[in-house]
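Report on the structure given below.
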Amino acid sequence: MMDWTDRHCRYLHRLLTRHSLLYTEMITAPALVRGNARHLLRYDPLEHPVALQLGGSDPAELAIAARMGADEGYDEINLNVGCPSDRVQSGTFGAVLMKSPDVVARCAEAMIEAVDVSVTVKCRIGVDEQIPEVILPDFLRQLTSAGITRVAIHARMAWLDGLSPKQNRDIPPLNYDLVHGMKAKFPDLIISVNGGITSLAEARSFLAGGLDGVMIGRAAYHSPWDVLAPVDRDIFGEEPQFGSPHDVVLAMLPYIDRHLSEGGRLNSITRHMLGLFAGRPGARHWRRVLSENSTRDGATSKIVIEALGRVPRQIAA
Ligand SMILES: Cc1cc2nc3c(=O)[nH]c(=O)nc-3n(C[C@H](O)[C@H](O)[C@H](O)COP(=O)(O)O)c2cc1C
């Protein structure tokens, strides 16, 4: 998620769950190939398995960007066909490509040809005046013919004409039945569902209903402990690494100190940690101490320790 799931956010999330697949923010192929965005590919080895999400519509350029990602060690390269922002529309990236399945298929083919790791697509169920029941099967058919074996489907349309990107994440109604229908139609295609899923209980019911995966965005960001910490045990049958959000904060301290010693700012990391105690006693103090102090020049991890002191340990566990 742009501006959210940067490498610091992913490091935190990886401490919470060893097995979930994490995704980068969307990085556009032109920015990587022609611009100065190579630094955005940086990540910590601990983040694996991690997928690089690319935006673009030029097969040759996407192939080069995919190769750059694979060379950097990303485990998967994902093509964004879901982002509704204006900037992205003007560059013919993202959701508007739902109208050009042939272009998406050519992009996918070029990317698959360029790398050895898995190439996947994240899409919507349709855009604007499209009828999802009609266009989505055709879209997926073209993708599978191009060699795509795994997709994540955000189960709502994007209405590009009239709604803001933010509204496009909430207003078009969710249609999970259609995603289940696609799994029935394309049993060999690995399908994850995305959109409006806020708990692991919900995620499990999609898996029980036959879907292969669940992608969680905002809920994982805002309530990372509640949503991500139980994943290893509940989905993958393995004990989680940490027993409480307290322990996760302590485990972040060396990472924070390393970042500060390289000249980084405290807030670049702590802004992703604000939700760690969401819904727990002390959460408000935690957020306040961090947000009021982390942006100051010279702020150190002492701020984090001070904020942690405001959260009752026995209740937080
Ligand atoms: C701040 C923000 C940035 C986002 N950036 C991206 C992005 O870069 N790529 C992408 O595929 N989806 C992006 N999304 C959409 C989410 O991945 C997801 O599809 C959407 O929020 C619905 O899922 P959710 O209800 O689980 O959040 C973004 C969402 C938010 C809130």
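Note that ligands are numbered from 1 as they come in the structure, with each ligand's atoms numbered from 1 the same way.
Using modelled atom types, one finds a donor on one side chain and an acceptor on the other under 3.5 Å when comparing T270 with S294. There is a side-chain donor-acceptor pair under 3.5 Å between H8 and Y255.
Applying the ring-ring contact (aromatic ring centres under 6.0 Å, His included) test to residues at least two apart or on different chains, the pairs with a partner in residues 24-75 are Y43-H48, Y43-Y74. Among residues at least two apart or in separate chains, ring-ring contact (aromatic ring centres under 6.0 Å, His included) pairs with a member in residues 145-178 are Y176-F206.
Protein residues with any heavy atom under 4.0 Å from ligand 1: M1, M2, W4, M26, Q53, N80, K122, H154, R169, N194, G195, G196, I216, G217, R218.
Below 30°, between 30° and 60°, or above 60°: for F277 and H246 the angle between ring planes is above 60°, a perpendicular geometry.
For the side-chain contact (heavy atoms from CB on, under 4.5 Å) test, residues two or more places apart in sequence or in another chain that qualify with E109 are A146.
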